[in-house]
There are 2 protein chains.
Amino acid sequence: MAPPDTRTQILDAAERLFAERGYRGTSVRAITDLAGANLAAVGYHFGSKAELMAAVARRVIEPINTAQHAGLDRLLARTSDPAVTELVEAFAGPLFDEIPTGDEDGAQTSQLIVTILSDPAEEVRSWTGPTQNTVRERYLAAFGRALPGLSPEELWFRMRGLLAVTAVDRIETHQQRTPACLSPVAGEATRHWAITFLTAAMSAPPTKT
Amino acid sequence: MAPPDTRTQILDAAERLFAERGYRGTSVRAITDLAGANLAAVGYHFGSKAELMAAVARRVIEPINTAQHAGLDRLLARTSDPAVTELVEAFAGPLFDEIPTGDEDGAQTSQLIVTILSDPAEEVRSWTGPTQNTVRERYLAAFGRALPGLSPEELWFRMRGLLAVTAVDRIETHQQRTPACLSPVAGEATRHWAITFLTAAMSAPPTKT
DNA sequence: GTTTGATTAAAACGAACGTATGATTGAAGT
DNA sequence: ACTTCAATCATACGTTCGTTTTAATCAAAC
C-alpha cells in the first residue's frame with residue numbers, strides 16, 4: 001500500500017483535530033505531530049493555518065454540495081415540479097450519504113461541519129465554494145414551486161431550519177447527552193426520521209399574518 | 001445613575017466578546033479593556049477565564065430554562081394533555097422572549113448560545129445547570145403523551161431537531177447570508193414561523209420502519 | 001487615627017502560539 | 001558529474017496568552 005503523501009496526512013490530521021478541538025483550539029504543532037510531519041510542512045503545502053482550514057473545509061463540503069446539485073438535477077430531469085418529500089430527500093440525503101454513519105468518524109465530520117458553519121472566526125467560515133451559495137438558491141426556487149402560497153421570506157426561514165436540523169442532528173448523539181434509557185440508534189433510521197420530520201415541517205401551511 | 005460595579009461590567013464585556021469571537025478567540029485582556037477594568041480583576045472576581053465563561057453562560061441560559069419550566073407548569077396546571085402546538089410554543093417561545101429581538105443584541109445572544117451548545121472545548125459546555133437536563137426530559141414526557149405511537153427514540157430525535165432550529169435560526173440572519181432579494185424580517189414574524197414549522201414537524205406521523 | 005478587609009493597579013512569569021528562515025535531502029534532468 | 005528543484009528538516013523570532021504576585025487605594029469599623 002502506497003504511503004499517503006505528507007499533504008494528505010496533514011489534511012487528515014487537521015480534519016480530525018479541527019473537529020475535536022475547533023479551529024483556535026488546534027495548534028499547527030498538534031496537527032503536524034499527529035500527521036508525523038514537520039512543523040514547517042503546513043506553511044509549505046498550504047501557506048498558513050487559515051488556508052489549511054479552507055482546504056479541509058473544501059474537502060468535506062464539496063462532495064456534499066455536488067451531491068445536492070446532482071440530486072436536484074435528477075429530480076428536475078424527471079419532472080418540472082418535484083414533490084416536497086423528494087426535494088427534502090435530495091437536499092438532506094447527501095448529509096447522511098457523504099458522511100460515514102454509525103462509527104465515530106461520522107460524528108467527527110458532523111462536528112466539523114457545525115464548526116465550519118458556526119465558528120465566529122471569519123477565517124473558518126471564509127471558504128464557501130461557489131456551489132455553496134447557488135445550491136441553496138436552486139432548492140429555494142424548487143421549493144417555491146412545490147409550496148405556492150408561501151412568502152419568499154418564510155420559505156427562506158424554512159430552508160434554514162432544514163439545514164439546521166440536518167447539520168446539528170448528529171453531534172449531540174456523540175456528546176452522550178442521550179438519556180440512558182434509550183437504545184442506540186442506527187444511522188439508517190435517523191435518515192428516515194429526518195426526512196419525515198423535515199417533510200412535515202416544510203409542508204406546513206403558511207403562517208397566517 | 002449608579003455606576004455598575006466592575007464585576008458586571010466584566011460580565012457584560014465577556015458576554016459580548018465571547019459571542020463575537022468565541023471563547024478561545026477572546027483574550028482576558030480584550031475583556032478587561034472593553035470593561036475598563038484591570039487585567040487581574042478577572043482572576044479576582046471569577047478565578048479564571050473558564051469560570052468567567054461559566055458565569056456568562058449561566059446568566060444567559062438560566063432565565064430561558066426557568067421560562068421553559070414555567071411555561072410547561074402553566075400548561076400542565078390547565079390540562080394534563082397539552083396540544084403539540086402549545087408544547088412547542090412553551091419550549092421554543094422563551095428563546096425568542098428572553099432574547100431581545102430585532103436589534104443586534106439578539107443576534108449576539110443567539111450566537112453566544114450556539115457557542116455554548118456547540119463549542120468543542122469542554123470548558124465552554126461545562127456549565128449545564130441542573131435545570132438544563134431536567135427541562136428536556138419533562139418536555140420529552142409531555143410530548144410523549146401528546147404523540148402516542150412515536151417510539152421514544154424517534155421522539156428524542158425530534159426534540160433535538162426542535163432545539164436545533166430554535167438555536168441556529170437566528171445566527172445566520174446576522175451573518176448576512178440572506179439573499180439580497182429578500183426584505184428584512186421582523187423578530188415577531190420569525191417567532192410565528194418557527195412555531196408553525198416546528199409544530200408541523202413534531203406532529204408528523206411516525207416513520208414506518 | 002489607626003486598623004481592617006475588599007478592591008484595583010502595575011508588572012512580570014513561563015508557556016504556547018503562528019510564522020519565517022536557512023540548511024539538508026534525494027530523485028530527476030541534462 | 002553536475003545542476004535543479006520540490007520537499008522536508010531543525011530552529012529561532014516576535015507576539016500573545018492565562019495566570020500570579022506585589023504594591024497601592026480607599027471606604028468603613030473601631
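Letters A, B, ... are given to chains in the order of the sequence lines, protein chains preceding strands, and every chain is numbered from 1. All values below were derived from every heavy atom in this structure, side-chain atoms included, with hydrogens, water molecules and symmetry-related copies excluded.
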Whole-Å distance between C:dT7 C1' and B:Arg7 CZ? 14 Å
With DNA chain C as reference, determine whether B:His45 or A:Val42 sits nearer its 5' end, using the nearest nucleotide of each. B:His45
To the nearest angstrom, how far is A:Glu51 atom CD from C:dA20 atom C1'? 15 Å
With sequence neighbours left out, the residues meeting side-chain hydrogen bond (donor to acceptor under 3.5 Å, both in side chains) with B:Arg145 are none
Which atoms form the tightest heavy-atom contact between A:Tyr23 and A:Lys49, and what is the distance? O-NZ, 3.0 Å
Under a 3.5 Å distance rule, please check whether B:Arg158 uses its side chain to pair with a backbone N or O of B:Ala204 as donor and acceptor. yes
Here's a test of your reading of the structure: between B:Gly25 and A:Tyr44, which maps to the more 5' nucleotide of DNA chain D? A:Tyr44
Residues touching DNA chain C, which here means a heavy atom under 4.0 Å, drawn from residues 33-41 of chain A: A:Leu39, A:Ala40
B:Arg74 CZ: over 12 foreign heavy atoms closer than 6.0 Å: no
In whole angstroms, how far is the C1' atom of C:dA27 from the CG atom of A:Asp5? 16 Å
Please check: side-chain N/O of A:Thr166 versus main-chain N/O of A:Leu163, any donor-acceptor pairing under 3.5 Å? yes
Is B:Glu154 reaching over with its side chain to a backbone N or O of B:Ser151, donor-acceptor style, under 3.5 angstrom? no
B:Arg29 CZ to C:dC17 P, in whole Å, measures 16 Å
Nt span of DNA chain D in reach of chain A heavy atoms at under 4.0 Å, 5' end first, is D:dA6 to D:dA12
Strictly below 4.0 Å: does B:Thr6 bring a side-chain N or O up to OP1 or OP2 of C:dT8? yes
Which heavy atom of A:Ala146 sits nearest a heavy atom of A:Leu87, and at what distance? CB-CD1, 4.1 Å
Please classify the nucleic acid contact of B:Thr32 as base, sugar-phosphate, or nothing, using heavy-atom distances under 4.0 Å. nothing
How close or far is atom C1' of C:dA16 from atom NZ of B:Lys49, stated in whole angstroms? 13 Å
Taking NZ, NE, NH1 and NH2 as the nitrogens, is one of them in A:Arg191 or A:Glu89 under 4.0 Å from a carboxylate oxygen of the other? yes
Are B:Asp119 and A:Arg24 within salt-bridge range, i.e. N to O under 4.0 Å? no
